[in-house]
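Quick caveat, the model's predicted, so the values are computed rather than measured.
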Amino acid sequence: MIIAGVSERDGKQRAFEVWLYKATKEGWSVTVESTSVDQPGDQCGVVHIEGLTYRIRHARRVRRHVTIVPAGQHLVSAAVNLSLGESHGITQTWEFGHAAWAEPIVEDD
């Protein structure tokens with residue numbers, strides 16, 4: 001499974017390009033059938049890989065660890081405090097971040 005971590009602000013075009021790059025770097029022969037990066041929704045395009053068809057999507061998909069620093073506290077100071085085991089109002093949580101991935105398009109026979 002190839003998952004390309006691409007920010008929401010980078011957009012679907014960049015997500016599609018990064019996913020294609022990663023897939024070809026892994027040795028897959030990818031043929032682009034269509035793109036839909038300018039359409040609403042999370043679909044970026046459709047590709048063929050070794051005779052199978054996949055839909056490339058870009059949405060919240062991967063878990064990432066997030067640290068929230070209180071207003072007024074400098075990030076470097078917060079990092080130093082955390083490395084010393086001091087939290088001083090810093091909280092840590094998990095959230096879903098954006099990524100691009102391929103889903104097979106399966107047609108019922």
Side-chain angles (χ1 to χ4, degrees):
M1 176 180 293
I2 296 173
I3 296 179
V6 182
S7 170
E8 179 182 22
R9 71 176 171 271
D10 291 333
K12 293 192 310 184
Q13 177 69 42
R14 178 72 178 148
F16 189 66
E17 291 167 356
V18 171
W19 189 91
L20 286 174
Y21 171 78
K22 285 187 157 213
T24 55
K25 188 175 178 185
E26 289 294 321
W28 296 101
S29 177
V30 180
T31 304
V32 176
E33 178 181 303
S34 65
T35 61
S36 54
V37 294
D38 56 349
Q39 303 295 318
D42 63 6
Q43 183 171 317
C44 300
V46 175
V47 298
H48 292 285
I49 302 172
E50 297 183 357
L52 298 174
T53 306
Y54 295 85
R55 175 181 300 113
I56 308 302
R57 297 182 57 204
H58 179 235
R60 292 178 187 255
R61 171 78 179 201
V62 293
R63 282 175 37 124
R64 65 181 190 170
H65 196 237
V66 178
T67 301
I68 302 168
V69 177
Q73 185 173 4
H74 194 277
L75 293 176
V76 174
S77 171
V80 169
N81 288 341
L82 282 175
S83 71
L84 297 173
E86 304 166 5
S87 63
H88 299 295
I90 299 169
T91 57
Q92 296 182 341
T93 187
W94 290 94
E95 70 178 22
F96 283 106
H98 276 73
W101 72 95
E103 286 184 351
I105 298 175
V106 181
E107 297 179 16
D108 294 332
D109 293 332

### Atom pair OG1 (Thr35) and CD (Gln13), whose distance is rounded to the nearest 0.5 Å
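Reported value, rounded in 0.5 Å steps: 6.5 Å.
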
### Task
Drop me the distance from Asp42's CG to Arg60's CZ, to the nearest 0.5 angstrom.
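Going from CG on Asp42 over to CZ on Arg60, the span is 12.0 Å.
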
List the residues meeting side chain to side chain donor-acceptor pair (under 3.5 Å) with [X], not counting sequence neighbours, and say none if there are none.
{"X": "Glu8", "result": "none"}
{"X": "Glu103", "result": "Arg57, Trp101"}
{"X": "Arg64", "result": "Glu95"}

### Task
Check Gly89 against Pro70 and note the closest heavy-atom contact, atom names and distance.
O-CG, 3.4 Å

Does anything in [range] form a salt bridge (Lys or Arg N to Asp or Glu O under 4.0 Å)? List the pairs, not counting sequence neighbours.
{"range": "residues 71-87", "answer": "none"}
{"range": "residues 15-28", "answer": "none"}
{"range": "residues 30-39", "answer": "none"}

## Note on the structure
Across all chains, not counting sequence neighbours, the ring-ring contact (aromatic ring centres under 6.0 Å, His included) partners of His74 are none

### Message
When you measure from the side chain of Lys12 to the backbone of Gly45, do you find a donor-acceptor pair of N or O atoms at a distance under 3.5 Å?
### Response
no

### Query
Any donor-acceptor pair under 3.5 Å linking the side chain of Thr24 with the backbone of Leu20?
yes

### Query
Tell me, do Arg61 and Phe96 make a side-chain contact under 4.5 Å, heavy atoms counted?
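No, every pair of side-chain atoms sits at 4.5 Å or beyond.
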
### Query
Could you give all pairs that pass the ring pair (Phe, Tyr, Trp, His ring centres under 6.0 Å) test and reach residues 8-58, with sequence neighbours left out?
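For residues 8-58, and leaving out neighbouring residues, the ring pair (Phe, Tyr, Trp, His ring centres under 6.0 Å) pairs sorted by first residue read His58-His98.
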
### Task
If you link ILVMFWY side chains whenever their heavy atoms are less than 4.5 Å apart, which other residues fall into the same cluster as Leu82? By chain and number, please.
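Result for Leu82 is Ile90.
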
Going by the rule side chain to side chain contact (heavy atoms under 4.5 Å, CB included), which residues pair with [X] if we only count those two or more places apart in sequence or in a different chain?
{"X": "Asp10", "result": "Val6, Ser7, Arg14"}
{"X": "Ser36", "result": "Gln39, Gln43"}
{"X": "Val62", "result": "Ile3, Ala99"}

Would you say [X] and [Y] are hydrophobically clustered, going by side-chain heavy atoms of ILVMFWY under 4.5 Å?
{"X": "Val66", "Y": "Val69", "value": "no"}
{"X": "Val30", "Y": "Leu52", "value": "yes"}
{"X": "Val46", "Y": "Val37", "value": "no"}

